[in-house]
Amino acid sequence: MKKLILIDEEVLVRLMEGKHVEGSLFRDKWTGIITFNAYKRLQKKRAKDVLIKKTPWGWVKASVARKKRFTSVPNDITLEEQLELMDQENELAKRALIESYIIECV
């Protein structure tokens with residue numbers, strides 16, 4: 001059985017490019033023609049995080065809603081050395097946040 005399905009031009013172009021098109025298929029109640037309605041999905045646009053400072057073992061960044069700190073220490077050193085490195089990184093991150101705050105206020 002063959003059926004005629006009404007598809008918009010832009011949907012057909014996306015299909016010819018090999019892209020997937022999600023949508024709904026329904027019968028128009030006035031004309032009785034089977035119609036494909038493509039979902040209009042928009043990609044979310046998110047602001048990138050701003051690097052405040054790169055530390056020896058990680059970084060400090062600022063997003064719109066949060067301040068972020070990342071630290072990665074090697075496994076081949078002792079636990080005491082790892083903890084000391086993390087404390088040093090934390091102090092560097094705090095100083096970087098204070099400096100960025102002072103620069104913003106000036």
Side-chain angles (χ1 to χ4, degrees):
M1 174 188 303
K2 291 185 179 183
K3 290 288 183 181
L4 178 66
I5 299 175
L6 184 64
I7 298 177
D8 289 338
E9 182 74 28
E10 57 193 50
V11 173
L12 191 58
V13 169
R14 284 170 45 193
L15 285 172
M16 297 306 258
E17 291 174 353
K19 296 181 180 176
H20 293 271
V21 180
E22 292 183 2
S24 62
L25 196 61
F26 64 95
R27 182 180 295 273
D28 190 346
K29 67 179 179 178
W30 301 111
T31 61
I33 298 174
I34 298 174
T35 307
F36 179 75
N37 184 19
Y39 296 147
K40 304 206 176 9
R41 306 254 168 117
L42 298 177
Q43 292 182 354
K44 295 181 181 175
K45 295 178 182 169
R46 185 175 69 96
K48 297 222 173 208
D49 295 342
V50 177
L51 180 68
I52 294 175
K53 183 169 183 164
K54 179 142 178 43
T55 59
W57 300 99
W59 47 256
V60 180
K61 292 183 180 181
S63 69
V64 175
R66 299 183 176 273
K67 302 285 193 246
K68 302 174 183 179
R69 181 179 60 91
F70 174 75
T71 302
S72 176
V73 293
N75 281 335
D76 58 353
I77 60 176
T78 64
L79 178 62
E80 293 81 20
E81 292 171 330
Q82 289 177 0
L83 295 175
E84 183 62 32
L85 282 175
M86 287 182 183
D87 288 340
Q88 290 172 4
E89 286 283 312
N90 197 34
E91 288 301 318
L92 286 172
K94 290 196 297 189
R95 274 193 243 125
L97 286 174
I98 291 169
E99 290 170 5
S100 72
Y101 180 75
I102 290 172
I103 291 170
E104 285 177 6
C105 291
V106 171

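Reckoned from all heavy atoms, side chains included, excluding hydrogens, waters and symmetry mates.
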Step by step, work out the side-chain contact (heavy atoms from CB on, under 4.5 Å) result for I102 and E99.
-> CA-CA 5 Å; I102 290 172; E99 290 170 5; 5.7 Å; no
Apply side-chain contact (heavy atoms from CB on, under 4.5 Å) to the pair E89 and V73, showing each step before the final yes or no.
-> CA-CA 10 Å; E89 286 283 312; V73 293; 5.7 Å; no
Taking a hydrophobic cluster as the set of Ile, Leu, Val, Met, Phe, Trp and Tyr residues connected by side-chain heavy atoms closer than 4.5 Å, whether directly or through intermediates, do [X] and [Y] fall within one such cluster?
X: F36; Y: L15; answer: yes
X: W57; Y: I77; answer: yes
X: V21; Y: L25; answer: yes

N/O donor-acceptor pair under 3.5 Å between R69 side chain and V60 backbone =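 Between the backbone of V60 and the side chain of R69 there is no qualifying donor-acceptor contact (under 3.5 Å).
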Donor-acceptor contact below 3.5 Å, side chain T35 vs main chain I33 | yes
Looking at every non-hydrogen atom in both residues, tell me the closest pair between [X] and [Y] and how far apart they are.
X: R27; Y: G32; answer: NH1-O, 2.8 Å
X: R14; Y: H20; answer: NH2-O, 4.1 Å
X: D49; Y: S63; answer: OD1-CB, 3.1 Å
X: A47; Y: V64; answer: CB-CG2, 4.1 Å

From [X] [atom1] over to [Y] [atom2], what is the distance, rounded to the nearest 0.5 angstrom?
X: Q82; Y: T71; atom1: CD; atom2: OG1; answer: 12.0 Å
X: L85; Y: N90; atom1: CG; atom2: CG; answer: 12.5 Å
X: L51; Y: K68; atom1: CG; atom2: NZ; answer: 12.0 Å
X: Q88; Y: L83; atom1: CD; atom2: CG; answer: 11.5 Å
X: K44; Y: R46; atom1: NZ; atom2: CZ; answer: 11.0 Å
X: I5; Y: I34; atom1: CD1; atom2: CD1; answer: 5.5 Å

Salt-bridge test for E91 and K94: reply yes if a basic N is under 4.0 Å from a carboxylate O, no otherwise.
-> yes
For E10, look at atom CD and say whether over 12 heavy atoms of other residues, nucleotides or ligands are found less than 6.0 Å away.
->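 Open: at most 12 neighbouring heavy atoms sit under 6.0 Å from CD of E10.
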Counterpart residues, ring pair (Phe, Tyr, Trp, His ring centres under 6.0 Å), relative to Y101 (two or more places apart) = none
